[in-house]
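So you know, we letter chains A, B, ... as the sequences are listed, proteins then strands, and number each from 1.
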Amino acid sequence: MDKVYDHKKVEEKIYSEWEKKGYFAPEINSKGRFYSIILPPPNANAPLHFGHAMYVIEDVLIRYHRMKGAAALWLPGADHAGFETQFVFEKHLANERKSRFDFDRGTLYQMIWDFVQKNRGGMESQLRKLGFSLDWSRMKFTLDPDIVAIVYKTFKKLYDDGLVYRAKRLVNYCTYDGTSFSDLEVVYEERKDPLYYIKYGPLVLATTRPETKFGDTAVAVHPDDKRYKKYVGKEIDIQTVAGYARIKVIADESVDPAFGTGVVKITPAHDFNDFEVGQRHNLLMKQVIGFDGKMNKHAGKFEGLYVKQARKTIVEEMQKKGLMEKIDENYIHRIGLCYKCKNVIEPLPMEQWFVKMEPLAKPAIDAIRKGKIKIHPKSFEKIYFHFLENIRDWNISRQIVWGIRIPAWFCEKCLNWTVTDGITPENCSKCGSKKLVQDTDTFDTWFSSAQWPFATLLAQSSSKSKIKNQKSKIETSSDFEKFYPTTVMETGYDILRWWVARMVMVGIYATDKVPFKNVVLHGLVKDPLGKKMSKSKGNVINPLELVDQYGADAVRFALVYGTALGNDQALSYAKLQGMRNFTNKLWNIGRFIEMQQLTTDNLQLTELNSIAKHESDKEWVKKVESLVLEISRYIDSYQFNLAAERLYEFIWHEFADKYIEDIKNRINENSFTVLSSLFTVQLELLHPFMPFITEELYRKLGVKDSIMISSWPK
RNA sequence: GGGCUCAUAGCUCAGCUGGUUAGAGCGUUACAUUGACAUUGUAAAGGUCAGAGGUUCGACUCCUCUUGAGCCCACCA
């Protein structure tokens, strides 16, 4: 054995051997326990970031339960990441001075498909380098035909149950990216903007958006506001930059009498609150801003101006005409931005597909309350409940091509929509006309992601059953029956609402079962200075570079060591180095044992108990016995940091520093058997965390061909 | 406005349902070591566990408040 452990010599070789031997595939006909985790599918198009390296927690669980005898499935997948990917692709196009509008839908889709296929393997090989024991034979992609078929079925079911509806509502629209977004995809930023006090006939109102005044269909005051009581219900004459107009004054509870002058203009087509006021008072919706971000024909001479320009021009004109009472230049408010391109989100009225969330949210809330699903750490339950108890309907259509196209056809004759489970209909379901046009929109990526646990397993079942028909009858059980609900859903807490909550809702709806029994949430990995890693800050660290430098085992161990579940951590080079040193320590314990040149059987703890002769040896057997219990308990309770810390402490500072030093002077065959067997046990305990070096030492010491076929010590 | 998390040795952090002298890594100091390992060992210094109050026989650990840091949600025209 070399004096120093070199991970580069072993990791890749070992992983490919494991994969070849099929160690990662669970025994589907097992009579024992089934254990399953679905990997949160990384973006197929992007390299892994440090958050993905945290999936080491899943590998720890899978390897642990596999060793304990469960048929343990860890199913990998890749996400098409609809908008994210199209966004990247469009940047790519822009570099070539092209845009998506230069291509027809089919061509564009094919181009993105090729683009993604080119990049796709990267992510998969990175997962391998991290040592993740994923069952690659069950790999799934969100755009696989069998997955798409399931997504369609769910959509159809939702539609048939009246939970999907199409409506003209205000949506969060990014005029730069040309698509609408869900509420979660809007980020807010505090800004200082002018607050304009505009004269409206006898009234004065305050607004930050004078350019939308062409879309005003009412003026509102609070019902109890004495100042304006006499106007309520009446129409007032106002002078505007475009001439004279009449507008209705209404009373609505939502108006805050203390804000500005207590008078608000109501623009139902361009403000979420105004839209609701408009619904209550039956107001007209008048759209004055187009999807291109420019003022439309209702803005008169301002038509064609971008919102910003229009605002400036209108303000100037109002000032000239004496319609501007005053301007408060220091008004601070928060405005919604596109999470991706950071342009201002424009609330625009648009026909979209929505999912009614309340009926879905209720069972999802119950599932946690009744303990059918447990969230670890528990403190995240509050966030979960808060989201579901205040949930709003989900806009699931996106105006992009990269994704699953919505299976809905519009009838040009009767204007009705025909929804199918994916099959192109020949006739309109209402009037029978053949003049059908498919919706050009695609699903929000998260709509398919929300179905991931059952979709992946159901898709596996169908392909498996095909094999079944051809071959034998042994394969009576499908993946879905065996592995659903999955045991654990492990992911970053930052997507608890985006993903986890939606999986629970859609999962229960589609399958009548919770999609998983436990939610395990890890924290964010930040840069060494404690700042969030982001491309724009330029502080992104590639996990694979560190794997290369310190070894996968060291990186894995560093990520779980010293950070309690759900807490963020700053990457630390000192820690990585420390963990790399730990691998070397292990290596040298192995080397010490090898150098004794004594052959020995590797005995189980129970056997050691009876053969150990020396008092001290007996004690160490007991110590390791209780270590086994301790580590098991820590893993069972998702306290991975404690398991790692304890193993580190014990192996290095107790076993190596004390026991080995003690035994050096009195080595004999009996003691040696105890020592080396105990080391084997420790390797087994460590294996879920550090799969490579434990395997290499196992082989070097001649315990077995592979640690993958050994079981958790008892 | 609401919520969550965190404040423990110089630095980075552990410390489960309250119970012996509060722990680790890195760093620091002294010594040792060509002997499994310098990616080493032994030893040492270093903390009134943010502050105040409360519950308790007993609190770093539970409760309340205060201060400070970070994050999330909502959103006011």
Describe the nucleic acid contact of A:Arg646 in one word from base, sugar-phosphate, nothing, applying a heavy-atom distance below 4.0 Å. nothing
When both distances are under 3.5 Å in a Watson-Crick or G-U wobble arrangement, the nucleotide paired with B:rU17 is none
Ring centers of A:Phe302, A:Phe214 separated by less than 6.0 Å: yes
Could you tell me if A:Arg369 sits above the aromatic ring of A:Phe385, with its cationic atom closer than 6.0 Å to the ring centre and no more than 45 degrees from the axis? yes
B:rA36 base / A:Lys664 side chain donor-acceptor hit below 3.5 Å: yes
Between B:rC71 (P) and A:Phe380 (CZ): distance, integer Å: 15 Å
Under 3.5 Å donor-acceptor pair, A:Gln639 side-chain atoms to B:rA14 base atoms: no
Does B:rC73 have its OP1 or OP2 closer than 4.0 Å to a side-chain nitrogen or oxygen of A:Arg497? yes
When all nucleic acid strands are considered with a 4.0 Å heavy-atom cut-off, which category describes A:Ile660: base, sugar-phosphate, or nothing? base
Between B:rC65 and B:rU5, how far is it from one P atom to the other, in whole Å? 14 Å
Assess whether one donor atom and one acceptor atom, taken from the side chain of A:Lys585 and the base of B:rC37, lie less than 3.5 Å apart. yes
Whole-Å distance separating the CH2 atom of A:Trp652 from the P atom of B:rA24: 14 Å
First of A:Lys3 and A:Val255 reached from the 5' end of RNA chain B, by closest nucleotide: A:Lys3
Mind checking A:Asp494 for me? I need base, sugar-phosphate or nothing, with any heavy atom below 4.0 Å counting as a touch. nothing
Please work out if A:Thr207 contacts a base, only the sugar-phosphate, or nothing of the nucleic acid, heavy-atom cut-off 4.0 Å. sugar-phosphate
Check the distance between B:rG2's C1' and A:Phe385's CZ and give it to me in whole angstrom. 17 Å
Using atom CD of A:Glu645 as one end and atom P of B:rC26 as the other, report the distance to the nearest whole Å. 14 Å
Rounded interatomic separation in angstrom, taking CG from A:Asn588 and P from B:rG41: 11 Å
